[in-house]
Amino acid sequence: MNQDYIKADSWSIIEEGFDPESVKSSESLFSIGNGAMGQRANFEENYTGETFQGSYIAGIYYPDKTKVGWWKNGYPKYFAKVLNAPNWIGIDIEINDENLDLNACKEVKNFRRELNMKEGWYNRSFEATLKNGTEIAVNVRRFLSLDLDETGIINYEITPLNKDAKIVYKPYIDAGVTNEDANWDEKFWEILDVKRTGNEAFVTAQTFKTHFKVTTFMQNSILVNGKNGNISPSNIKTGADKIQFSYDVIIAKGQSSSIQKIGGYTVSLNHDNTISAAEGVIKTALAKGYDKLLEEQITAWAKIWEMSDITIDGDVKAQQGIRFNIFQLNQTYLGKDSRLNIGPKGFTGEKYGGSTYWDTEAYCIPFYMATKDQQVARNLLTYRYNQLDKAIENAKDNLGFKNGAALYPMVTMNGEECHNEWEITHEEIHRNGAIAFAIFNYYRFTGDYSYIPEKGLEVLIGIARFWHQRANFSKDKNQFVILGVTGPNEYENNVNNNFYTNYIAKWCIDYAYEQIQKVSLEYPSDHKRIIEKVKLSDTELQDWKKVSGNMYFPKSEELGIYLQQDGFLDKELVLVKDLDKSQRPINQKWSWDRILRSPYIKQADVLQGFYFFEDHFSTEELKRNFEFYEAFTVHESSLSPCVHSIQAAKLDKMDMAYTFYLRTSRLDLDDYNKEVEEGCHITSMAGTWMSIVEGFGGMRVKDDSLHFSPKIPKEWSGYSFKINFRNQILKVAVNHDDTQLTLEGSKQLTVFVNGKAVLVEPNSLVTV
């Protein structure tokens with residue numbers, strides 16, 4: 001049974017009733033972020049129950065020494081940790097001489113959390129009876145400003161219900177934090193300075209090894225019945241890594257008091273003097289005030305939703321699911337800084353480390369291209385270009401490759417490989433292909449070719465060189481093969497001739513070759529510069545073509561399918577539907593040896609190739625491969641349901657497409673994989689967007705034009721989405737009778753609906 005305590009609501013994530021068993025899951029689901037920082041939905045007040053404390057700052061990491069039982073040559077020396085940052089949200093509460101702790105109260109009732117996705121704030125309210133008999137009502141609102149993205153704001157309000165109360169607010173900032181997933185229990189932060197001025201406090205710390213400097217700050221104001229009480233601290237405790245103020249307030253029964261706390265981080269990535277920067281942030285926030293900051297937050301989120309929202313009529317859970325995914329993606333990355341990327345857990349947890357996987361290129365870039373200005377996607381491509389030298393170094397030092405061959409890391413913060421599982425680090429090399437595909441996909445969608453001669457061609461050449469050297473000629477097959485790999489299906493390691501890997505390797509070489517020819521004709525000066533820089537010869541190019549033109553692809557003529565890898569049909573082919581449900585998920589029930597010998601597939605593998613290169617295959621080929629492989633797929637990767645939903649929709653398997661859509665959109669809300677307490681699956685959330693736009697909407701880009709083949713689940717009465725296609729914003733609305741198109745802008749646009757050309761004039765409605 002998946003969790004089902006989240007209430008259905010089209011714009012909010014809501015939990016009602018206090019259940020200690022759900023606290024860690026809710027800390028993930030109600031997480032907030034603004035692209036520069038984020039935090040789990042931990043309680044501000046002390047909580048002695050099970051909790052996973054976590055606040056995170058974009059771009060700040062620690063190179064935790066790799067920990068393995070048996071060291072092998074080529075292992076990365078470290079595993080990059082997304083650091084648990086100093087805690088700025090803490091507010092210990094004392095009421096009539098007793099500490100507020102929901103784990104110790106006599107009674108907690110009317111507990112409610114709400115993550116308002118439309119307006120970008122998190123609210124928690126409850127009534128509690130303390131052991132001393134005092135009854136209180138509490139309402140707490142918190143948000144991280146999108147406009148002042150170094151700033152968070154908390155309004156913590158308390159109302160005594162049955163007697164007068166002495167309330168002591170004890171706000172603090174604390175740099176004495178640790179990571180849940182530290183390999184060696186090392187301390188990651190070195191404290192440099194602890195200081196205060198009036199109602200403001202600052203703790204400055206820097207990371208060991210990487211020397212990122214961070215000033216964590218707070219400013220506190222005490223309000224009585226909504227008015228500033230101008231109350232100064234009655235006590236101040238300063239420790240080596242923590243500073244805490246105490247504010248005393250006497251409140252009559254039925255009246256309210258609150259603390260408004262401004263906090264956040266200024267970092268050396270952006271400031272030379274982080275303390276003076278923090279003082280400036282506080283000054284700006286105070287000048288605006290809580291109400292103005294909240295108003296600006298609502299306005300900023302309205303602007304995001306104006307472009308990125310997807311509406312679904314008649315299915316509240318489906319609507320809630322897609323908005324949760326879109327909301328979390330925008331909380332994680334807004335495209336302002338090309339030094340940043342999209343971590344798999346975003347700001348919701350520490351698992352997986354690193355800030356970049358192949359998920360960014362394969363799943364996230366389509367979402368950001370279509371819902372924001374194209375510069376955002378270009379920044380993501382530039383991120384990889386800036387790390388090309390590290391990718392070349394990785395291939396040279398760890399795999400012995402030469403001549404500028406580039407292997408991009410599986411996991412990275414700064415371009416260096418920092419994933420410490422051998423079968424992933426050195427075998428799951430298909431990630432190189434996703435990076436090349438993203439360059440192709442960016443040009444296909446935006447029409448902006450300039451990136452390729454400016455930067456992208458160098459990346460394509462490095463990747464093509466890698467595939468040329470990674471393949472070897474098999475005399476037995478009289479073809480080129482790629483041995484010892486892990487495909488997208490991580491339930492298979494060290495296999496030979498994974499279809500997807502071989503196919504994308506061939507495509508990468510061919511695409512790089514084509515772009516070299518195109519650049520030589522259309523951008524001769526860039527061509528000359530690049531060829532001289534990388535020392536590329538015609539002889540080498542011909543050697544590439546020998547590999548791509550004679551690549552081996554395993555297949556079964558009898559079944560009419562491509563084989564996931566050599567020997568796949570030698571397995572005991574028991575279908576997933578015949579697998580005892582008590583054995584699921586197999587990654588939590590079975591040994592790794594048993595998984596590797598099984599036919600079970602973690603996520604789309606052969607079908608990932610059919611997704612990327614759909615126009616290379618017939619619909620009949622897709623149908624045969626889909627029906628064979630989906631039956632063995634356990635979907636225990638967050639990246640799995642979206643691809644299957646898109647392909648099921650193309651094949652008119654609408655019930656299946658809808659089921660997969662619900663699974664991808666509510667993966668975390670319903671905790672399908674029973675791990676949401678570790679954090680949400682941020683990068684796969686872009687796949688949810690794809691499931692609607694590319695799946696049900698059937699959107700494709702062909703010959704510089706948008707094509708749609710709209711379909712609609714029977715559970716819905718309608719849905720709509722917007723696409724920013726080459727700086728023209730097209731709205732597509734689908735119901736059971738027709739498809740409606742409207743265009744914002746000044747130029748007309750021709751699109752294709754079910755193969756028929758449709759001319760859409762600006763600011764007019766076309767019904768098909």
Side-chain angles (χ1 to χ4, degrees), residues 1-16 22 25-26 28-33 41 113-118 120 122 301 304-305 308-332 345-346 348 359 363-364 366-367 370-371 635 637-646 648-649 654-676 679-697 711-722 734:
M1 177 67 179
N2 301 319
Q3 70 181 20
D4 61 357
Y5 69 88
I6 299 299
K7 305 300 179 185
D9 185 275
S10 62
W11 273 112
S12 289
I13 307 303
I14 297 170
E15 173 187 8
E16 294 178 344
S22 300
S25 293
S26 293
S28 295
L29 296 176
F30 291 82
S31 294
I32 55 176
R113 299 187 203 235
E114 178 181 359
L115 181 63
N116 187 302
M117 300 180 290
K118 186 175 185 179
Y122 163 57
W301 271 105
I304 290 173
W305 285 115
S308 64
D309 190 25
I310 290 180
T311 67
I312 296 174
D313 300 324
D315 190 338
V316 175
K317 282 200 165 187
Q319 177 70 86
Q320 183 182 43
I322 185 58
R323 284 186 173 142
F324 179 69
N325 285 248
I326 293 170
F327 180 71
Q328 290 290 1
L329 284 164
N330 279 289
Q331 288 202 124
T332 302
K345 292 292 182 186
T348 71
D359 309 16
Y363 297 89
C364 297
F367 167 79
T371 64
H635 303 289
S637 164
S638 63
L639 300 174
S640 188
C642 61
V643 171
H644 289 83
S645 180
I646 293 166
M654 290 300 291
D655 287 345
M656 184 181 286
Y658 175 74
T659 298
F660 282 132
Y661 164 76
L662 277 187
R663 178 156 185 161
T664 185
S665 68
R666 301 191 64 85
L667 179 75
D668 293 317
L669 292 175
D670 295 343
D671 199 11
Y672 275 91
N673 290 342
K674 298 177 172 52
E675 58 183 12
V676 75
C680 296
H681 297 82
I682 301 300
T683 49
S684 70
M685 290 179 172
T688 304
W689 178 90
M690 287 159 42
S691 296
I692 293 180
V693 175
E694 298 180 7
F696 301 135
K711 298 170 183 177
I712 184 169
K714 64 179 185 295
E715 292 81 2
W716 301 355
S717 56
Y719 64 95
S720 71
F721 56 86
K722 285 185 177 180
V734 181

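Heavy atoms only: backbone and side chains are in, while hydrogens, waters and symmetry mates are out.
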With a 4.5 Å cut-off on side-chain heavy atoms, are Q320 and K7 touching?
no

Residues in side-chain hydrogen bond (donor to acceptor under 3.5 Å, both in side chains) contact with D313, at least two apart in sequence or another chain:
none

With a 4.5 Å heavy-atom cut-off, do M117 and I13 have their side chains touching?
yes

Please say whether more than 12 non-hydrogen atoms of neighbouring residues, nucleotides or ligands are located less than 6.0 Å from NZ in K118.
no

Any salt bridge (Lys or Arg N to Asp or Glu O under 4.0 Å) pairs touching residues 683-692, not counting sequence neighbours?
none

Heavy-atom pair with the smallest gap, counting every atom of G314 and S717:
N-OG, 4.0 Å

Just verifying a value: how many Å separate N330 CG and T371 OG1, rounded to the nearest 0.5 Å?
6.5 Å

Side-chain contact, heavy-atom cut-off 4.5 Å: I322 with Y719?
no

Y661 and side chain to side chain contact (heavy atoms under 4.5 Å, CB included): which partner among S691, P641, C642?
S691

Using 30° and 60° as the class boundaries, would you call the ring planes of W305 and W11 parallel, tilted or perpendicular?
perpendicular

For I646 and E694 the tightest heavy-atom approach is CD1-OE1, 3.9 Å

Report yes if some heavy atom in the side chain of T348 is under 4.5 Å from a heavy atom in the side chain of Q328; otherwise report no.
yes

Is Q3 close to V676 at the side-chain level, that is, under 4.5 Å between some pair of heavy atoms?
yes

Is a side-chain donor or acceptor of S645 paired with a backbone partner of A657 at a separation under 3.5 angstrom?
yes

Minimal heavy-atom distance between F327 and G120, with the atoms involved, is CE1-CA, 4.1 Å

Got R666 and F324 here, is their nearest side-chain heavy-atom distance under 4.5 Å?
no

Got a donor-acceptor contact below 3.5 angstrom from the S28 side chain to the G679 backbone?
yes

Salt bridge (Lys or Arg N to Asp or Glu O under 4.0 Å): pairs with one or both residues in residues 321-331, sequence neighbours excluded
D309-R323

Answer with yes or no whether the side chains of T664 and T688 bring together a donor and an acceptor at under 3.5 Å.
yes

Among all residues two or more places apart in sequence or in another chain, which pass the ring-ring contact (aromatic ring centres under 6.0 Å, His included) test with F660?
H635, H644

Flag for E114-S12: side-chain donor and acceptor within less than 3.5 Å
yes

Checking D668 side chain against D671 main chain: does a donor-acceptor pair fall under 3.5 Å?
no

Does the Q319 side chain pair with the main chain of I310, one donor and one acceptor, at a distance under 3.5 Å?
yes

Between E16 (side chain) and I6 (backbone), is there a donor-acceptor pair under 3.5 Å?
no

Do F367 and M690 come close enough that some side-chain heavy atom pair is under 4.5 Å?
no

Which residues pass the side-chain contact (heavy atoms from CB on, under 4.5 Å) test with D315, not counting sequence neighbours?
I312, K317, A318, Y658, E715, W716

When rounded to the nearest 0.5 Å, the distance separating CG of L667 from CG of L662 is 12.0 Å

Mind running side-chain contact (heavy atoms from CB on, under 4.5 Å) on C680 and L29 for me, showing each step along the way?
CA-CA 7 Å; C680 296; L29 296 176; 4.2 Å; yes

Y363: side-chain hydrogen bond (donor to acceptor under 3.5 Å, both in side chains) partners, not counting sequence neighbours
Q608

Whether the S26 and Y5 side chains hold a donor-acceptor pair (N or O, under 3.5 Å, no angle test) is what I'd like checked.
yes

In Å, rounded to the nearest 0.5 Å, how long is the span from CG of D670 to OG of S665?
8.0 Å

Nearest heavy-atom neighbours spanning L329 and I682:
CD2-O, 3.5 Å

Would the distance check show the side chain of S25 and the main-chain N or O of S22 forming a donor-acceptor pair, the cut-off being under 3.5 Å?
no

